[in-house]
Structures are given as C-alpha cells and as structure tokens.
Amino acid sequence: MYTLERSPAVHRTVVSDRREPVPGIVILGLHVPHLASITLPGQFAMVVPPSGEQAATALGIYEAEGERVSLMLVVVGPRTRELAALQIGAPLDLLAPLGNGFELDALGDNVALIAGGVGIASLLLPAQALAARGARLTLLYGARTAAALVDADRFAALGAKVVLATDDGTRGHAGFVTELLRALPKHAFSGLAACGPSPMLRAVGRAAAYLDIPAQLALEETFACGVGACWGCVVPHAASSVGTPVGLIRAKRAEPPARESDRFCYARICKEGPVFWAHELRW
Amino acid sequence: MYTLERSPAVHRTVVSDRREPVPGIVILGLHVPHLASITLPGQFAMVVPPSGEQAATALGIYEAEGERVSLMLVVVGPRTRELAALQIGAPLDLLAPLGNGFELDALGDNVALIAGGVGIASLLLPAQALAARGARLTLLYGARTAAALVDADRFAALGAKVVLATDDGTRGHAGFVTELLRALPKHAFSGLAACGPSPMLRAVGRAAAYLDIPAQLALEETFACGVGACWGCVVPHAASSVGTPVGLIRAKRAEPPARESDRFCYARICKEGPVFWAHELRW
Amino acid sequence: MAEATQPDLAVALGRLRLSWPTLMGSGCYGSGEEYAPFIDLAALGGVVLKSVTRHPRLGNAAPRLVSTPSGLLNAIGLQNPGIDAYLENDVANFADRPCAVIGSVAGFSVDDYAYVTERLAARDEIDAIELNISCPNVGTEGETFACDPSLAEAATRAARGVTDKTLIVKLSPNVTDIAAIARIVEAAGADALAVINTVRGMSIDVDRWTPRLGNANGGLSGPAIRPVAVLAVWEVARAVKIPIVGQGGIETARDALEFILAGASAVGIGTGNFTDPRVPLNVVDGIRDYLAARGHSALSEIVGKANPRFAGVR
Amino acid sequence: MAEATQPDLAVALGRLRLSWPTLMGSGCYGSGEEYAPFIDLAALGGVVLKSVTRHPRLGNAAPRLVSTPSGLLNAIGLQNPGIDAYLENDVANFADRPCAVIGSVAGFSVDDYAYVTERLAARDEIDAIELNISCPNVGTEGETFACDPSLAEAATRAARGVTDKTLIVKLSPNVTDIAAIARIVEAAGADALAVINTVRGMSIDVDRWTPRLGNANGGLSGPAIRPVAVLAVWEVARAVKIPIVGQGGIETARDALEFILAGASAVGIGTGNFTDPRVPLNVVDGIRDYLAARGHSALSEIVGKANPRFAGVR
Ligand SMILES: Cc1cc2nc3c(=O)[nH]c(=O)nc-3n(C[C@H](O)[C@H](O)[C@H](O)COP(=O)(O)OP(=O)(O)OC[C@H]3O[C@@H](n4cnc5c(N)ncnc54)[C@H](O)[C@@H]3O)c2cc1C
Ligand SMILES: Cc1cc2nc3c(=O)[nH]c(=O)nc-3n(C[C@H](O)[C@H](O)[C@H](O)COP(=O)(O)OP(=O)(O)OC[C@H]3O[C@@H](n4cnc5c(N)ncnc54)[C@H](O)[C@@H]3O)c2cc1C
Ligand SMILES: Cc1cc2nc3c(=O)[nH]c(=O)nc-3n(C[C@H](O)[C@H](O)[C@H](O)COP(=O)(O)O)c2cc1C
Ligand SMILES: Cc1cc2nc3c(=O)[nH]c(=O)nc-3n(C[C@H](O)[C@H](O)[C@H](O)COP(=O)(O)O)c2cc1C
Ligand code: FES
Ligand code: FES
C-alpha cells in the first residue's frame with residue numbers, strides 16, 4: 001500500500017509560477033495534484049522537454065507542498081535552456097518521484113547541509129523535514145559567484161545558520177565551501193547531507209571521514225533513463241549493497257588477497273541513489 | 001557604387017516588436033540601421049538562430065522601412081521554433097539582403113500577386129513598389145485554413161483587390177488558390193508574381209503559360225549556405241542563363257537531337273534566384 | 001466492430017509473433033519492469049533484455065554517458081551478472097511480462113554465443129533470442145563480430161544450432177558494407193536482423209584533456225544517427241529476405257515510418273524512451289492513424305514501399 | 001609587443017603553411033568569394049575549393065539538401081564545370097585570396113585523379129591539393145575509393161606522382177577500419193589527411209514514399225557526426241605520423257579543440273559556416289584564448305594531448 005502510493009508515475013503539470021532570481025537560474029512552480037504528498041526529501045524528477053527534441057533531464061524536487069512542486073534549474077545546455085524558457089501556463093510532464101531520498105533520521109539532531117551551486121535545489125525539502133523534527137541546522141552553501149547564491153534566506157527562515165562561500169570571493173568565504181568544513185573540529189555535526197558537483201561531493205566525503213561524521217551525498221551525473229534501465233549513471237560502491245558483479249577497486253592490488261573495502265560494484269545513481277552514504281562510495 | 005551599397009553583410013539587429021496574429025505565425029520587427037534602404041522586393045535574409053545550435057534559416061524580408069525590417073515566420077521545425085520564441089530586446093543577426101528580387105518593371109501595370117501560405121511574406125514589398133508606381137494590383141492568397149490568412153488587409157490598404165482561398169474552405173474559395181487562376185481568361189493580367197511552396201508555384205507556372213502571362217516565381221527550398229557556396233538549393237533551369245554544366249531534361253529523349261528547351265542546368269535558388277521567370281524553369 | 005476495422009499492426013519475426021511492431025532496444029529498457037510505472041507494457045511489441053554474457057561483467061568505469069548534439073554516447077560495457085546468476089535470479093521475473101521478451105546474448109567467442117544462447121533459449125520465459133554481435137571482440141580494439149564476415153557467420157551458425165526460437169542478429173553500422181554482412185548472416189540461419197546497433201564515437205573533455213567516457217570511445221544513438229540507420233535498413237532490405245527490425249533515433253511514428261518504408265517490418269526504440277517513456281505508445285498510435293488515413297488494413301502493406309529494389313516479402 | 005606574446009596558431013601541412021589552423025571544407029565554401037561579404041577571408045587558414053572532376057558534371061537532381069536532427073544530409077553530386085572550363089574561367093580568380101587556396105580533386109578512376117591533380121596543381125593560384133577519394137566510384141553503388149584500400153593507395157600514389165605541392169587525402173568514415181586506410185594512404189605519399197568526409201545517410205519522405213534526396217542517399221555532416229569524427233581522428237592519429245585536418249560538426253573553439261586534442265593539427269569547418277559565417281573567426285579567437293589562458297605559446301603544444309598512444313610529432 002505504502003509502496004503503491006509512493007510509486008512514481010508520469011505527472012502532467014502546468015507551470016503555475018516562474019521566478020528568475022538571476023539570469024540563467026530559473027525556479028518553475030508546477031501545478032500538479034498528486035505529487036507533493038508522495039515526494040521524499042532528496043528525490044528527483046525526470047522532466048520531459050515539451051519540444052520532443054531533447055532527452056528528459058534530471059532535476060531535484062525543490063519545493064513540494066499541496067498541489068505544487070517546484071524545480072530550480074541552471075541553464076547549462078539545450079535541455080535546461082528549453083525548460084528555462086517555459087512560461088506560466090505551459091504544460092510540462094514529469095516522471096516522478098524517482099530515486100531514494102535522504103535517510104534523515106540517521107543524521108542526528110545537529111545537521112550540516114552542504115550545497116554546491118544548484119545542489120541547493122535538493123536540500124530545501126530535507127531542511128524542512130529536519131527543521132520540523134527540531135534538528136539544529138547549518139547550511140554551508142557555495143557557488144561560483146555571489147549572484148549565483150539563490151534562496152539562502154529560505155534556509156535561514158527555517159532557523160538554519162547560513163555560511164556562504166564563493167569561488168570568486170564576491171560573498172562569504174573566498175574559495176570552496178568544503179574548505180570551511182575541513183576547518184571544523186571533529187564531530188562538529190551529528191550528520192552531513194550534501195548535494196553538488198562530484199568533485200565537491202568527493203571533498204565532502206573526505207572531510208566527513210576526517211571529521212568522523214556520517215554523511216549522505218546526493219550525486220549529480222549525466223542520466224539517460226533515470227529509472228534504472230540503462231546502467232549508464234553508475235558510481236563505484238561498496239560491494240555488499242547491490243546485486244551486480246563485483247570487482248576490485250585497483251586491479252594491481254588484487255594480490256595479496258584484497259581487503260573487503262577494495263571490493264566494489266557499480267551502483268546506479270538514479271536507482272540505488274541518488275543519495276549514498278559517503279563511506280560506501282569507492283570513487 | 002550601386003553594387004557596393006547593395007552588397008549583403010552581417011547585420012546585427014534587435015527585436016523591436018513582435019506580433020503573433022495566429023499561434024504559430026510570428027512577425028518579428030527588427031531594429032537595424034542600414035538594411036531597409038538597400039533591400040529590394042523579393043530579397044531574403046539568412047537568419048542566425050541565437051543559440052548557435054541550429055543552421056541559419058532563410059526568411060523573406062516582409063517589411064523594410066527606415067531603421068526597421070520585419071520577418072514573418074511560420075513554426076515548422078526547430079529553427080523557426082527558436083526564432084518564434086524571441087522576445088522584444090533579443091539580439092538577432094542576419095546575413096542580408098540576399099538573392100535577386102522581382103523584376104517588377106517587367107510585369108506591367110496589372111499585376112496579380114499570388115501567395116501560398118507564408119509566401120505572403122515575400123510579396124508585401126513588391127506590392128508596395130508596384131502600388132507606388134501605380135500598377136493595378138490583385139492579391140490571390142491561399143492558405144490551409146482561414147486563421148492562417150495573415151495581413152491580407154495590408155494589401156487591401158495598398159488598393160489591391162484581395163481574393164482568398166483556403167484548403168479547408170473556411171474562408172474564400174474552397175481549394176487551391178491556383179484553381180482561381182485557371183478559371184481566368186487569357187491575358188487577364190499583365191504579369192504575375194508568386195511565392196509559396198513548390199507544388200503551388202509549379203501550378204502557377206502552368207497556369208501562366210496557359211494564360212500567356214509572364215510570371216515570376218519566388219522559390220522556397222531547403223537552403224544550407226544561402227549565399228551560393230554549396231550548390232545545394234538548385235532548380236532545373238533553361239540552359240542559357242547560368243555558366244554551369246548543361247544536360248538534357250529527359251535523357252531518353254536525347255535522340256533524335258534534343259530541342260533547345262530540353263537543355264537545362266541546375267541553377268542555385270539562393271544565388272541565381274530566389275525569383276525566376278516561370279518559363280525558364282525546367283521542373 | 002470499430003476495433004475490427006483497425007489496421008493490423010501485428011508482425012511475425014520467424015516464429016515470434018508481436019502484437020505491435022515495437023521492440024524496446026536492448027540495454028535501454030532494463031527488463032521492462034523499470035518502465036512499468038510509466039507505460040502499460042502490454043502496449044509494447046516486446047522488450048529486448050539487456051545483453052547477458054557467459055561470465056559476470058563489472059562494466060566500464062564511469063562516466064558511461066555523454067550527451068552530444070541530438071545524440072547520446074554510451075559505453076556501459078555490458079555490466080551484467082553472467083548467465084548463471086541471470087538464470088537463477090532474473091529470468092523467472094520475466095514470466096508475467098504482457099509483451100514478448102527477447103533475450104539478448106553477447107559474447108567474446110563463438111563458443112560464448114552458442115553456450116549463452118542455448119542456456120537462455122531453454123527458458124520458457126524467453127520468447128526469442130537477439131544476438132548482439134556488435135560488442136567488442138577480444139583482441140583488436142573496436143573490432144566486433146559484426147565487423148568481420150566470418151565471425152558474424154560463425155556466431156550466427158553457432159546460435160542457430162542450439163535453438164529453434166526466433167533468432168534475431170543485430171548488425172553494426174561500423175562497417176564498409178553492411179549489406180554484405182547481412183547476406184552472410186541470413187545464410188547462416190538468422191530469422192531476422194536488427195539494424196542498427198550504435199555508431200562508434202567519442203567526445204573529449206577539453207578542460208581535462210581526456211575522453212569524456214570512462215571507456216574512451218562509445219556508441220552513438222538517438223536522432224543524430226537516424227539518417228545512418230535508415231540508409232542501413234534500406235541497403236540491408238535490398239540484400240536479404242528475412243524481416244528487419246529497424247532502429248536508431250526513433251522518437252515519433254513518422255520516424256518509425258521512415259524505417260518501415262525503407263524495408264523494416266518492425267522497429268526498435270531505445271534512446272527514444274529517454275526522451276519520453278510514452279514514445280512507444282505514440283509510435284504505435286501514429287502508425288495506426290497513418291495506415292487508417294491512407295486506407296491500409298495492415299502494416300505489412302507498406303513495408304519497403306519507398307525502396308524500389310526491396311527484396312523481401314515480409 | 002602584445003602581439004608577440006600571442007600564442008602561435010600557424011600550422012604546416014607538408015610544404016603548405018597556414019597562418020590559422022582553419023580550412024573551410026570543400027563544397028561548403030564555394031571558392032571563398034561567396035563568403036567575402038560576411039567575413040574577412042584573411043582570417044581563414046585556407047579555403048578548400050569545391051571538388052573538380054575531369055569532365056563537367058551536371059550534379060544530382062534536386063532536392064540536394066535535407067536537414068536532420070543536428071545534421072545536414074547532402075547529395076550535390078559534384079556539380080562542376082570540369083577541369084578545362086575550371087582552369088579557363090575560375091582559377092585565375094583565386095589569385096587574390098588572402099588565405100591559402102587548396103584545390104580539391106575528385107575522380108572516377110586512378111587516371112582521373114592523376115590527370116586533374118596534375119593540371120590543377122600546375123597553376124600558381126593553387127597552393128595545395130586535396131584528394132577527395134570519398135566520392136562515389138563508378139560501378140558499385142556507395143563504394144568509394146576511400147573504402148577500398150588498394151584504390152585509395154593507387155589514387156594517392158597517382159596524385160603524388162604529378163605534384164610536389166602538399167597533398168592532403170580526404171578519408172571516408174564509412175569503413176570498418178579507417179586507421180588501416182590512413183596507414184596505406186600515408187605510405188602512398190600523402191602529406192596530410194583530412195578526416196572525415198560525410199557519413200552516409202538517408203531520409204525518407206513518409207508522405208510521398210520516396211527518399212527526400214533526389215539522389216536517394218547522401219552524406220551527413222554537422223554536429224550530429226562530431227563524435228564519429230573525433231573518434232576517427234583519434235584512431236587515425238594513432239596510426240600515422242603525417243598531420244591531420246580534423247573535421248565534422250565543428251561550430252565552436254571547444255569543438256575544434258576536441259579534434260586537436262584527439263590528434264588533429266588543423267581543423268576543417270564546413271557545415272558550421274551555415275550556422276554562422278563568423279564561426280571560423282570565433283574558432284580561431286577561442287583557440288587563441290584557450291592557449292593563452294593555459295600558458296601555451298603554440299597550438300602545436302597541445303596536439304594529441306588527450307590521446308595517449310598518439311603517433312605523430314606534428
Ligand atoms: C539526480 C539529479 C538531480 C539534479 N538536479 C538538478 C537541479 O535541481 N537543477 C539543475 O539545474 N540541475 C540538476 N541536475 C543537473 C541537470 O540534470 C543537468 O544540468 C541537465 O541535464 C543538463 O542538460 P542540458 O541539456 O541543459 O545540458 P547538456 O548539454 O546535457 O550538458 C551540459 C553539461 O555538460 C557540460 N558541457 C556541455 N557542453 C560542454 C562543453 N562544450 N565543454 C564543457 N562542458 C560542457 C556543462 O558544463 C554541463 O554540465 C541534476 C542532475 C541529477 C542527476
Ligand atoms: C528564399 C526563402 C524564403 C523563405 N521565406 C520564409 C518566410 O518568409 N517565412 C517563413 O516562415 N519561412 C520562409 N521560408 C522557409 C523557411 O526557411 C523554412 O521553413 C525554415 O528554414 C524551416 O526551418 P526549421 O528548422 O524550422 O524546420 P526544418 O526542421 O528545417 O524543416 C521543416 C520543414 O520540413 C518539413 N518536415 C520536417 N520534419 C518533417 C517530417 N518528419 N515529416 C515531414 N515533413 C517534415 C516541414 O514540413 C517543413 O517544411 C523561406 C525559404 C526560402 C528558401
Ligand atoms: C545506454 C545504452 C545501452 C545499450 N546497450 C545495448 C546492449 O546491451 N546490447 C545491444 O544489443 N544494444 C545496446 N544498445 C543499443 C540499442 O539497443 C540500439 O540498438 C541503439 O541505441 C540504436 O537505437 P536508438 O537510437 O533507438 O537507441 C544500447 C544503447 C544505449 C543507448
Ligand atoms: C553541401 C556540402 C557539400 C560538400 N561537398 C564536398 C566536396 O565537393 N568535396 C569534399 O571533399 N567534401 C565535400 N563535403 C564534405 C565537407 O567538406 C566536410 O568534410 C564534411 O561536411 C564534414 O565537415 P562539417 O560537418 O564541418 O561540414 C561537402 C559537405 C557539404 C555539407
Ligand atoms: S540513468 Fe539509466 S540507469 Fe541511471
Ligand atoms: S543554399 Fe548553398 S548554394 Fe544555395
């Protein structure tokens with residue numbers, strides 16, 4: 001019953017509102033009756049560009065309440081360009097909700113959310129859920145430049161302490177947001193939840209190990225199907241958790257007998273993820 | 001001097017106004033300083049879609065006055081879709097003016113303009129020039145359906161008698177506009193100027209021969225370069241006029257010795273045209 | 001009664017009968033269940049399963065996907081659990097699929113093809129076999145069984161020898177003369193041909209000075225390759241009499257009709273599902289409307305109609 | 001002084017020196033004058049002229065162009081006045097081009113290639129010769145000189161025998177193993193290779209039941225084929241030491257850099273000019289900026305840098 005209710009489907013939506021806080025970053029509000037209530041924090045949608053000329057594109061579900069969900073998108077190529085140009089009233093179809101969200105209960109009561117760029121889009125629902133159960137929240141939010149830092153106030157409004165960073169130093173810490181993390185004492189948080197580009201997430205993973213804090217990472221990769229059918233979106237993962245062929249991380253270290261932590265498989269980001277425990281990734 | 005002034009160039013324009021009389025048909029007004037004054041009736045532009053993802057597309061120059069020219073476009077594929085979505089203020093680059101316009105002086109003083117669909121776009125400037133020199137004008141204008149008949153009043157305002165036709169019979173004559181032509185007496189006009197899809201133009205050419213009226217046809221074809229460089233946009237043409245290899249229309253009729261009218265070459269629509277004398281085409 | 005006058009879209013590929021002329025391309029559709037939330041599987045002609053090999057395969061290093069203009073480059077590397085685990089864990093689940101289920105066999109030797117085909121075809125859940133001879137051969141880089149006439153023949157003959165079920169052989173476009181390979185594969189006993197697998201390609205990351213795919217090169221699919229695929233079908237259709245499953249960049253009924261008019265009896269849809277999982281439905285509906293509007297009572301009436309020297313009576 | 005620190009983009013192809021690494025693809029750029037109103041021809045490395053044949057050719061029936069997803073199908077059919085009329089009427093006009101002018105020779109026999117190359121190369125206005133061996137051969141449909149190792153070798157040897165000017169041989173991607181052909185053509189005396197010509201394809205008009213091109217099949221160019229072309233350059237670069245002119249779908253400096261990092265010393269731009277005639281300028285500017293930003297003083301420093309087993313020192 002539970003699974004049935006939460007199971008993904010094709011949702012026909014209509015653009016109900018549209019915001020472009022900075023040129024090139026667009027937040028599309030969508031009217032859609034039965035999606036918000038079944039969406040878990042950290043899940044995503046495959047969005048079908050209306051022209052039919054482009055593959056569907058993966059976008060995190062940014063907001064979800066009542067009969068409205070929203071998507072936040074950064075224009076980087078043809079698909080995001082087409083979606084960003086949609087105006088109010090335009091129909092838009094989604095496959096959603098997809099993937100596994102964050103296991104928020106496992107992150108404790110003092111959680112740092114770490115966002116890189118548009119990764120912020122996948123962290124508002126987790127922030128709301130964590131705030132609702134009274135967790136202490138810190139948002140570490142990095143972007144290329146000040147203008148690209150969007151909606152940090154939404155997190156502040158939830159009571160989160162907000163720490164910003166920009167690559168070009170135009171706002172907050174000058175440098176990567178992960179540098180802030182490395183400067184903290186061990187066990188500074190009870191858990192981390194992060195979303196952003198892979199290099200950033202790798203750095204978060206390393207920092208989490210160093211700080212000895214459990215961390216969940218929401219990965220972004222090029223998807224094709226988004227539903228687990230094509231095995232195109234993989235990440236090397238601890239061998240145990242997925243029933244596919246298992247190999248050794250570094251063939252040259254195969255003898256003497258490999259350590260368990262060298263054994264890995266390729267897990268699908270869209271199906272087994274997009275959220276993974278940092279310590280289970282072998283990348 | 002004359003040629004220099006009229007020579008084509010890359011023109012940087014900005015969308016100054018935009019009209020969508022029917023969904024899918026868009027008229028883009030463009031602010032461009034030095035184009036209108038050198039544009040001849042029947043010339044066209046190669047329009048560079050701003051995304052850089054599509055080839056340039058050929059569009060007739062619809063209006064040209066002062067520092068404004070306009071384009072009328074029907075959305076049929078990716079390029080026209082991209083252009084139709086442009087909003088006021090958007091920059092748009094054109095290669096223009098291209099091709100040879102109508103030889104209006106050769107059409108006499110009682111001219112019928114024959115437009116099929118968006119072919120209307122290449123006939124307003126000729127209508128204005130003809131009206132300016134006092135020619136009697138008739139517009140025969142056909143489209144799929146009533147809604148797709150756009151701006152006929154612009155021609156009426158120039159004093160043209162307007163006769164409409166729709167494929168589906170929703171307005172005017174039910175059927176092809178060329179059927180109206182066939183019903184006329186010989187020499188009903190001193191000249192014809194037509195623009196529209198090839199099957200229509202072929203029918204105009206046949207009717208013109210039958211009615212014994214000189215006719216100029218502005219052809220539409222798939223273009224690549226639009227400037228005469230690729231030899232992709234050809235039409236079989238009387239052999240005399242273009243310095244390229246000459247063949248015989250029907251190889252099987254080659255013996256006994258071919259008639260002169262069977263000899264043809266492939267002329268470039270974008271360079272030798274887009275306007276041709278109907279009686280010189282061998283299609 | 002209205003139903004009875006609907007054009008007949010059923011297709012026979014050897015002994016296999018499909019209610020609809022649409023097969024989901026191997027490797028693009030999992031085993032079907034991944035797409036079940038988004039489309040009624042009964043609306044599909046069939047699903048070609050992800051290719052399976054003799055031994056388990058880890059697959060290629062990530063990234064495995066790169067999007068290119070109107071195309072998709074992939075280098076999955078045949079990640080699969082191997083035929084033993086596959087038979088044990090997976091195949092039973094395919095029993096209840098409301099459409100045809102076609103096993104796909106990949107291999108690195110002629111013996112591989114025979115062995116895996118025999119074991120897979122022995123299962124009732126599997127309605128037919130597709131031989132993916134377009135995957136990398138051992139030894140020479142980029143070489144595949146489908147690029148070498150004698151290997152293509154040997155693999156086909158070997159698989160033919162171990163099953164009576166419909167045997168579809170999937171050809172590669174990466175050859176000088178695909179029609180010649182098609183003729184050889186037909187003579188070796190194939191019941192049908194899948195035309196085409198992906199076109200070899202590469203994309204380079206100019207910031208990092210390295211190919212974008214973990215495997216360096218990969219296979220290009222999607223609308224970018226449609227013209228290549230249509231021509232391949234056209235040429236193969238002139239060379240053989242067995243039916244063809246045309247594929248490469250199909251996203252609409254009109255795309256599918258290009259293949260059918262070129263000589264394909266059915267079509268494959270792979271990457272098109274990534275554009276919209278309802279593509280297979282739209283293709284079938286569109287073909288039905290097209291036939292009805294032109295007064296045809298069966299799809300078979302128009303197969304190859306744009307191809308003057310079309311060989312087959314399919 | 002500021003000029004002196006700009007990265008050096010000059011390229012040598014045999015004896016031919018190009019100020020910029022950009023050649024306009026044969027058949028796409030006329031003789032250059034058609035584009036002169038839109039771009040300063042001095043900003044081009046060179047123009048490869050439309051291919052010329054021994055005898056006049058009428059060209060193929062219309063339509064000759066079809067646009068496809070991110071691509072262009074063409075079947076011009078080598079319309080040209082033949083070498084006699086060409087030498088008499090056209091070639092003198094090329095004298096004042098402010099960039100290299102490369103004659104393109106097409107043929108239907110080995111003797112054609114020798115004859116036309118000799119006559120064209122004898123003219124001072126022509127700086128180098130490109131051998132288009134990728135056009136249809138007499139006899140077998142779709143077969144070209146570039147698809148047959150022995151014909152490719154013979155045509156190259158014949159042309160090599162009649163001129164000392166730089167000889168670029170243009171390869172076809174429509175082969176099982178392009179690297180093998182490249183090796184043979186190098187051994188036969190080519191100074192450089194153009195990689196690639198168009199990919200064979202077809203589009204069908206489903207309303208009229210006929211191919212859209214007058215010639216039925218044609219050649220696919222543009223961004224759709226870029227991944228195919230990049231891989232071809234990558235593979236050829238591992239096989240030969242002579243320089244490569246990489247081409248197929250280049251529209252931006254980053255596109256061009258994919259080819260250069262794969263092993264091309266220069267790039268060809270054909271269909272890209274149809275997107276915007278300023279593409280060649282943008283490509284050169286973009287490459288210059290890229291090199292400067294990374295601290296390189298010459299383009300040659302990065303040729304092949306993404307290709308580990310890259311053969312050449314170009
Ligand atoms: C689970 C998940 C959730 C996501 N959530 C969001 C979200 O909420 N919001 C959002 O905006 N995005 C999100 N993404 C990313 C989003 O899916 C991609 O940005 C989108 O698919 C890009 O599509 P495109 O066609 O616009 O660009 P594409 O053409 O597919 O490619 C663009 C990408 O390739 C790179 N690229 C393209 N061309 C070049 C070139 N020539 N040189 C170098 N790099 C190049 C770009 O930098 C960019 O990263 C998410 C991805 C995943 C997997
Ligand atoms: C000299 C000249 C002047 C022109 N003037 C104008 C003008 O003023 N206004 C105007 O709107 N247009 C004009 N055109 C036509 C215009 O250039 C084309 O409509 C435009 O280039 C189409 O580009 P696209 O990318 O939108 O469509 P494309 O994708 O290039 O192709 C669309 C064309 O192909 C057909 N087509 C595409 N896909 C299919 C399919 N699957 N099955 C069947 N048919 C298909 C469509 O019916 C359409 O005709 C002119 C053309 C020329 C040569
Ligand atoms: C991600 C992906 C994985 C694929 N895996 C396989 C495979 O395992 N076996 C196979 O025969 N073909 C495989 N293919 C090829 C497709 O089945 C199909 O033949 C090809 O992509 C062309 O069709 P399309 O453009 O409709 O996708 C794969 C294609 C893609 C895009
Ligand atoms: C319209 C057109 C005509 C062409 N004619 C020729 C030709 O005559 N000779 C030749 O060698 N290549 C010819 N080509 C191939 C191009 O020179 C080029 O190799 C190919 O199109 C790939 O590059 P591109 O994608 O940049 O166009 C032609 C290409 C096009 C699009
Ligand atoms: S994108 Fe297809 S399996 Fe993840
Ligand atoms: S479109 Fe290139 S010659 Fe006309």
Side-chain angles (χ1 to χ4, degrees), chain C residues 66 68-71 73 140-143 147-148 172-177 179 199-212 216-218 220 222-235 238 249 251 253-262 290 302 305-308, chain D residues 66 68-71 73 140-143 147-148 172-177 179 199-212 216-218 220 222-235 238 249 251 253-262 290 302 305-308:
Chain C
V66 175
T68 70
S70 298
L73 265 181
T140 344
E141 152 179 298
E143 273 277 298
C147 294
D148 180 321
S172 165
N174 306 302
V175 295
T176 309
D177 185 357
V199 179
R200 296 179 66 234
M202 174 184 275
S203 174
I204 288 178
D205 184 328
V206 302
D207 297 315
R208 300 197 305 121
W209 285 11
T210 163
R212 283 182 192 275
N217 63 66
L220 186 63
I225 67 165
R226 197 191 308 138
V228 177
V230 169
L231 178 57
V233 167
W234 167 281
E235 293 189 334
R238 290 173 169 222
E251 294 193 332
R254 292 178 77 87
D255 298 343
L257 286 162
E258 288 198 49
F259 287 84
I260 289 161
L261 291 166
Y290 176 92
I302 68 163
K305 285 299 184 202
N307 196 343
Chain D
V66 174
T68 69
S70 298
L73 264 181
T140 345
E141 153 179 297
E143 272 278 297
C147 294
D148 180 322
S172 165
N174 305 302
V175 294
T176 308
D177 185 357
V199 179
R200 296 179 66 234
M202 174 184 276
S203 174
I204 287 177
D205 184 328
V206 301
D207 296 316
R208 302 196 303 121
W209 285 12
T210 162
R212 285 181 190 276
N217 63 67
L220 186 64
I225 68 164
R226 196 190 308 138
V228 177
V230 169
L231 179 56
V233 167
W234 167 280
E235 292 188 335
R238 291 172 168 222
E251 296 194 331
R254 292 177 77 87
D255 298 343
L257 286 162
E258 287 198 51
F259 287 83
I260 289 162
L261 292 167
Y290 175 92
I302 68 163
K305 284 299 184 203
N307 195 343

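Throughout, a chain's letter reflects where its sequence line sits, starting with A, and its residues are numbered from 1.
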I'd like to know which of Arg208(D), Arg254(D), Arg226(D) tops the heavy-atom pair count under 4.5 Å against chain C.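 Most heavy-atom pairs within the cutoff with chain C belong to Arg254(D).
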Between Leu220(D), Asp207(D), Ile260(D), who has the most heavy-atom pairs with chain C when the cutoff is under 4.5 Å?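 Counting heavy-atom pairs under 4.5 Å, the top option is Asp207(D).
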Is it the backbone or the side chain of Val199(C) that comes under 4.5 Å from a heavy atom of chain D, or both, or neither?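 Interface part for Val199(C): side chain.
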Against chain D, label Tyr290(C) side chain, backbone, both or neither, depending on which of its atoms sit under 4.5 Å from a heavy atom there.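 Contact with chain D is through the side chain of Tyr290(C) alone.
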Among the options Val230(C), Val228(C), Leu261(C), pick out the one with the most heavy-atom pairs lying under 4.5 Å from chain D.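 The option with the most such pairs is Leu261(C).
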Given the options Pro173(C), Gly201(C), Gly71(C), which has more heavy-atom pairs under 4.5 Å with chain D than any of the others?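 That would be Gly201(C).
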Separation between [atom1] of [X] and [atom2] of [Y], rounded to the nearest 0.5 Å:
X	Y	atom1	atom2	answer
Leu231(C)	Ile204(D)	CG	CD1	9.0 Å
Glu251(D)	Ser70(D)	CD	OG	8.5 Å
Glu235(C)	Asn217(D)	CD	CG	6.5 Å

Could you look at [X] and say if it's the side chain, the backbone, both or neither that has a heavy atom under 4.5 Å from chain C?
X	value
Val206(D)	both
Leu257(D)	both
Asn307(D)	neither

Residue list, side-chain hydrogen bond (donor to acceptor under 3.5 Å, both in side chains) with Thr68(D), at least two apart or on another chain: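 Here no residue qualifies.
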Going by side-chain hydrogen bond (donor to acceptor under 3.5 Å, both in side chains), name the residues that satisfy it together with Asn174(D), two or more places apart in sequence or in a different chain.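 In terms of side-chain hydrogen bond (donor to acceptor under 3.5 Å, both in side chains), with neighbours along the sequence ignored, Asn174(D) is linked to Ser172(D).
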Without swapping roles, check the side chain of Thr210(D) against the backbone of Ala306(C) for a donor-acceptor pair under 3.5 Å.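 No; zero donor-acceptor contacts below 3.5 Å.
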Heavy-atom nearest pair, Met202(C) first then Leu73(C), reads C-CD1, 3.6 Å
